[in-house]
Amino acid sequence: MDIEAEIRALQLDSAEDNNATLIPEDAKPEEVEMTDKVEEGMTDEVDTKSQPVQAEPKVKDKEVADMDCAEVPDEMESQKKRHLNVVFIGHVDAGKSTTGGQILFLSGQVDDRTIQKYEKEAKDKSRESWYMAYIMDTNEEERVKGKTVEVGRAQFETETTRFTILDAPGHKSYVPNMISGASQADIGVLVISARKGEFETGYERGGQTREHVQLAKTLGVSKLLVVVNKMDDHTVNWSKERYDEIESKMVPFLRSSGYNVKKDVQFLPISGLVGTNMKTRVDKNICPWWNGPCLFEALDSVEIPVRDPKGPYRMPVIDKFKDMGTVVMGKVESGSICEGDSLLVMPNKAPVKVLAVYCDEDKVRRAGPGENLRVRLSGIEEEDISSGFVLSSVVKPIPAVTEFTAQLQILELLENAIFTAGYKAVLHIHSVVEECEIVELLQQIDPKTKKPMKKKVLFVKNGAVVVCRIQVNSLICIEKFSDFPQLGRFTLRTEGKTIAVGKVTDLPSRSSA
Ligand code: GTP
Ligand code: MG
């Protein structure tokens, strides 16, 4: 059975989804209100440590805290730009870190001296051509091996937008890290190597070009810029034929993965290493046939999904640390947060107060959905929070469950495996990673009619779409896909392979909220 065709049947995130709704051109950008600008030159770490202890904020009336936040007036309108989280995905060695590094260089974040230092370091490690990637690949293991392991993070700005780059690893051993990067992103830059043989390996079954696209779609990355990279390579030499070949193979695959190729996908050729067609359009002498935009233009004009700053607050925790209180990191999926707010850490229902909110290096009074934040809390110890917990509205807390119903698309089971009650896998849903067990198969869905089949289902094979009950051992915070797509879609993995993607269709009526 054609698995890609089947993914479409699942319609995890079709063009009809609320995710795909676009902001009208004249709509206001995401709101972030800056307060203190942290002293120049300070790193993230220094910045949090250098903040004076905050006076205990005045606690607001619990009932109105969530609503109030979105109403805080904008004082520094001129400084506001919309914010986008961009994840760089694609097969190993496609050039994700190199392209990310080049973006930072071209946008003036990295000076020539640093580049020269990286050139020397890369040469010493016999990895001459990796110097641009060193901007994103910051730890020794990554530099020695020439492979990203942890998702790299960086910020840059264009005229209209503040971007957070999330540089995902391409190697198949690090897919869980890629999942965590993609789950924080609004849009994806899919990097494909045009070099002879490299496009082919990434695209074939088992290649990460495929796996990343499918995961990105499942994890809520609603738009993709597909950059055909390494156009400068001597096997490519800015060949239109090669570019067209890659585009023509990718389009049906992207479509079958659920992307509306006309609306949500844009292709462009670049050289990440040389920096061609990135900040400025490629010279006609180099590439006479390209009349489209360069990467910065394409990024600038991407439309972002509508987000509701007045929705109930939801921020899945991706990391936490101690720093004059407890600091949690994560992306706001719904609602707004203000200094002084009273919130709950779910699923342990711990009441907390917001002492400070940091967006990139800036301390802000208020932040809306889509922002990556560090939030300093009082009322909870760092040990009592795990990644996967959700900072949540008091009035409408996120449900906490140990069981839920989901519609699953089986992609590729391990050899000889059958998918039946008792099947165990690792569940990845927003920042949650939990062992889970399929406790009951409820219905198989006919991929053609999209209707449930009459026959009782005991097991299914690759390509099947099935509704089932899933259990986990400890409470997890999730939402129905139809209510909050970002918090209701997931992947199942076994032995390091993605075996299914799914969406939460039902939660127990008395979830522990
Ligand atoms: P992983 O993090 O391991 O998934 O790889 P990656 O996608 O981040 O690739 P990386 O940026 O580390 O680059 C891999 C190799 O491709 C390096 O040798 C780069 O110099 C080379 N490379 C990247 N972009 C280009 C390009 O535009 N042209 C050429 N010729 N080589 C490139
Ligand atoms: Mg990399």
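Just so you know, residue 1 is the first one in the sequence shown, and it goes up from there. Both ligands and their constituent atoms are indexed starting at 1 by order of listing.
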For A133, the ligand 1 atoms whose distance to one of its heavy atoms is below 4.0 Å: 11 (O), 12 (O)
Could you walk me through whether F156 and F296 pass ring pair (Phe, Tyr, Trp, His ring centres under 6.0 Å), step by step? CA-CA 11 Å; F156 81 103; F296 278 46; 5.6 Å; yes
heavy-atom search around atom 28 (N) of ligand 1 in the protein gives D232 OD1, 2.7 Å
To which of Y131, W130, Y134 does the heavy atom nearest atom 12 (O) of ligand 1 belong? W130
Is it the case that atom NZ in K262 sees more than 12 heavy atoms from other parts of the structure closer than 6.0 Å? no
ring-ring contact (aromatic ring centres under 6.0 Å, His included) partners of residues 200-234, not counting sequence neighbours, each pair once: F199-Y203
At what distance is the nearest protein heavy atom to atom 2 (O) of ligand 1, and which residue and atom is it? T148 OG1, 2.7 Å
Heavy-atom contacts with G272 under 4.0 Å: which atoms of ligand 1 show up? List them by number with element. 27 (O)
Atom 13 (O) of ligand 1 - nearest protein heavy atom and its distance: T98 OG1, 3.4 Å
Checking salt bridge (Lys or Arg N to Asp or Glu O under 4.0 Å) for the pair R242/E245: CA distance, chi angles, key distance, verdict? CA-CA 5 Å; R242 181 63 167 163; E245 179 196 356; 3.1 Å; yes
Closest to atom 24 (N) of ligand 1 among protein heavy atoms sits N229 ND2, 3.1 Å
Regarding atom 32 (C) of ligand 1: of the candidates K230, M231, K147, which has the closest heavy atom? K230
Tell me, which protein residue and heavy-atom name are nearest atom 7 (O) of ligand 1, and how many Å apart are they? K96 NZ, 2.7 Å
Quick check: are there more than 12 heavy atoms from other residues, nucleotides or ligands sitting under 6.0 Å from NZ of K125? yes
Can you pull out every ring-ring contact (aromatic ring centres under 6.0 Å, His included) where at least one residue sits in residues 106-146? Sequence neighbours excluded, please. none
I want to confirm something. Looking only at heavy atoms, which of T99, V92, D93 is nearest to atom 14 (C) of ligand 1? D93
Is K424 salt-bridged to E437, cutoff N-O under 4.0 Å? yes
Could you list which atoms of ligand 1 come closer than 4.0 Å to a heavy atom of R195? 30 (N), 31 (N)
Number of protein N, O or S atoms [distance to the Mg ion (ligand 2) under 2.8 Å]: 2
What atoms of ligand 1 come closer than 4.0 angstrom to any heavy atom of A94? 7 (O), 9 (O)
Would you call E383 and K322 a salt bridge, taking side-chain N to carboxylate O under 4.0 Å as the test? yes
Please say whether G170 places an N or O atom under 3.5 Å from an N or O atom belonging to ligand 1. yes
Write out all pairs satisfying ring-ring contact (aromatic ring centres under 6.0 Å, His included) with one or both partners inside residues 269-295, taking only residues at least two apart or from two chains. Y243-W289, Y243-W290
Among protein heavy atoms, which sits nearest to atom 9 (O) of ligand 1, and what does the distance come to when rounded to 0.1 Å? G95 N, 3.2 Å
Short N-O contact, E371 and R162, less than 4.0 angstrom: yes
Do D186 side-chain atoms and N85 backbone N/O form a donor-acceptor pair below 3.5 Å? yes
Per-atom filter on ligand 1: closer than 4.0 angstrom to a heavy atom of S129 are 17 (C), 18 (O), 19 (C), 20 (O)
Are there over 12 heavy-atom neighbours, none belonging to E495, within less than 6.0 Å of that residue's CD? no
Does atom CD of E159 have more than 12 heavy-atom neighbours from other groups under 6.0 Å away? no
